[in-house]
Amino acid sequence: MENYIKGLLNNSTSGTVELQRQELAELFTCVPSQITYVLSTRFTIERGYLVESRRGGGGYVRIARVPLRAEDQVKGWVQEALGDYLSQDAATELLARLGEEGLLTRRERMLLAAAVNRNALPLELPQRDRVRASILKAVILTLLRDDFPGEQ
């Protein structure tokens, strides 16, 4: 289902698709709640997607891939994706997306993942998620600066 939706997005000139939950459920022979689960776990802001949903008769799901091309867009997206708290899973997805977009090298992703791993942050929740968000925000925004020497 995830690959099917990504295929639709890749073929869309606008980078946006509108889908009916019921039609997807029929296509994949599942219940609409499974569609909701896939959308909420695979199409997150950390992975670079915005999902808008309208329920009820004739309801739809609109999925848009967030392009990360302009520096200001990237910085805004990082700020939005990180927020004040960030789970380890969300951090992993965020780092993967930045890697897919070519904004972080493999080494940078691995170093950041190690630095914000729950084992490296000996704090209780929610403080650990708050510190993780703060560290990632500071480091990623520094790496994305134009005047930062590096491979970019």
Side-chain angles (χ1 to χ4, degrees), residues 1-19 21 24-25 27-28 30 32-53 60-152:
M1 184 182 319
E2 177 183 0
N3 289 334
Y4 172 78
I5 295 171
K6 285 181 177 179
L8 293 175
L9 282 165
N10 288 338
N11 292 328
S12 166
T13 56
S14 67
T16 302
V17 293
E18 281 189 17
L19 306 164
R21 253 191 197 84
L24 282 174
L27 179 65
F28 291 99
C30 63
S33 63
Q34 288 174 297
I35 305 297
T36 302
Y37 174 79
V38 169
L39 294 176
S40 65
T41 59
R42 305 295 197 288
F43 295 91
T44 62
I45 188 68
E46 294 86 6
R47 289 185 175 201
Y49 299 96
L50 294 176
V51 177
E52 177 186 339
S53 181
Y60 65 88
V61 176
R62 180 180 297 136
I63 305 167
R65 179 118 170 114
V66 180
L68 294 180
R69 289 184 178 76
E71 182 181 345
D72 289 341
Q73 278 182 308
V74 174
K75 288 179 181 177
W77 179 78
V78 168
Q79 293 281 5
E80 182 180 345
L82 289 174
D84 291 330
Y85 297 88
L86 192 67
S87 71
Q88 184 166 331
D89 289 342
T92 300
E93 291 176 1
L94 175 77
L95 293 172
R97 171 75 197 285
L98 291 168
E100 288 171 9
E101 295 288 337
L103 298 170
L104 294 179
T105 65
R106 181 174 182 269
R107 181 179 180 174
E108 290 165 343
R109 288 192 320 273
M110 291 175 70
L111 287 168
L112 285 170
V116 298
N117 184 287
R118 66 179 52 96
N119 297 326
L121 300 172
L123 302 165
E124 295 295 320
L125 292 174
Q127 190 64 16
R128 181 172 56 220
D129 288 352
R130 186 180 186 112
V131 170
R132 179 182 292 118
S134 184
I135 290 170
L136 278 180
K137 197 179 294 185
V139 174
I140 290 170
L141 292 175
T142 300
L143 287 172
L144 296 176
R145 288 177 51 147
D146 286 337
D147 61 343
F148 188 83
E151 302 172 23
Q152 300 181 21

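Just so it is clear, the values below take in all heavy atoms, side chains as well, and ignore hydrogens, waters and symmetry mates. It should be emphasised that the depicted structure is a prediction, and the values quoted were computed from it without experimental measurement.
Residues Leu9 and Ile63 come closest through the heavy atom pair CD2-O, 3.4 Å. Heavy-atom minimum distance, Ala133 versus Asp84: CB-O, 3.6 Å. Scanning both residues, Leu24 and Ile5, for their nearest heavy atoms gives CD1-CD1, 4.4 Å. For Ser87 against Asp129, the heavy-atom pair with the smallest separation is CA-OD1, 3.7 Å. Scanning both residues, Ala90 and Leu86, for their nearest heavy atoms gives CB-CD1, 3.5 Å. Minimum interatomic distance between Arg62 and Thr16 (heavy atoms only, all atoms of both residues): CG-CG2, 3.5 Å.
With sequence neighbours excluded, no residue forms a side chain to side chain donor-acceptor pair (under 3.5 Å) with Asn11.
For the atom pair CZ (Phe28) and CD1 (Ile35), the distance works out to 7.0 Å, reported to the nearest 0.5 Å. Distance check, rounded to the nearest 0.5 Å: CZ of Arg21 to CD of Gln34 gives 12.5 Å. Atoms NZ and CG, on Lys137 and Leu94 in that order, are 11.0 Å from each other to the nearest 0.5 Å. With values rounded to the nearest 0.5 angstrom, Met110 atom CE is found 12.0 Å from Leu95 atom CG.
With a 4.5 Å cut-off on side-chain heavy atoms, Val139 and Leu111 do not count as touching. Counting only heavy atoms from C-beta outward, the side chains of Thr36 and Val61 never approach each other to under 4.5 Å. The side-chain heavy atoms of Arg132 and Tyr85, taken from C-beta on, include no pair separated by under 4.5 Å.
The only option from Arg106, Glu108, Arg107 that meets the side chain to side chain contact (heavy atoms under 4.5 Å, CB included) definition with Leu104 turns out to be Glu108.
Judged by distance alone, with hydrogens and angles left aside, the side-chain atoms of Thr92 form a donor-acceptor pair with the main-chain N or O of Gln88 at under 3.5 Å.
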### Message
One pair to check against side-chain contact (heavy atoms from CB on, under 4.5 Å): Leu121 and Ile135. What are the steps and the verdict?
### Response
CA-CA 11 Å; Leu121 300 172; Ile135 290 170; 4.0 Å; yes

### Query
Passes side-chain contact (heavy atoms from CB on, under 4.5 Å), Leu39 versus Tyr49? Steps please.
CA-CA 10 Å; Leu39 294 176; Tyr49 299 96; over 6 Å; no

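Legend: salt bridge (Lys or Arg N to Asp or Glu O under 4.0 Å) pairs involving residues 111-128, not counting sequence neighbours: none detected. Applying the salt bridge (Lys or Arg N to Asp or Glu O under 4.0 Å) test to every pair with at least one member in residues 4-16, sequence neighbours left out, gives these pairs: Glu2-Lys6.
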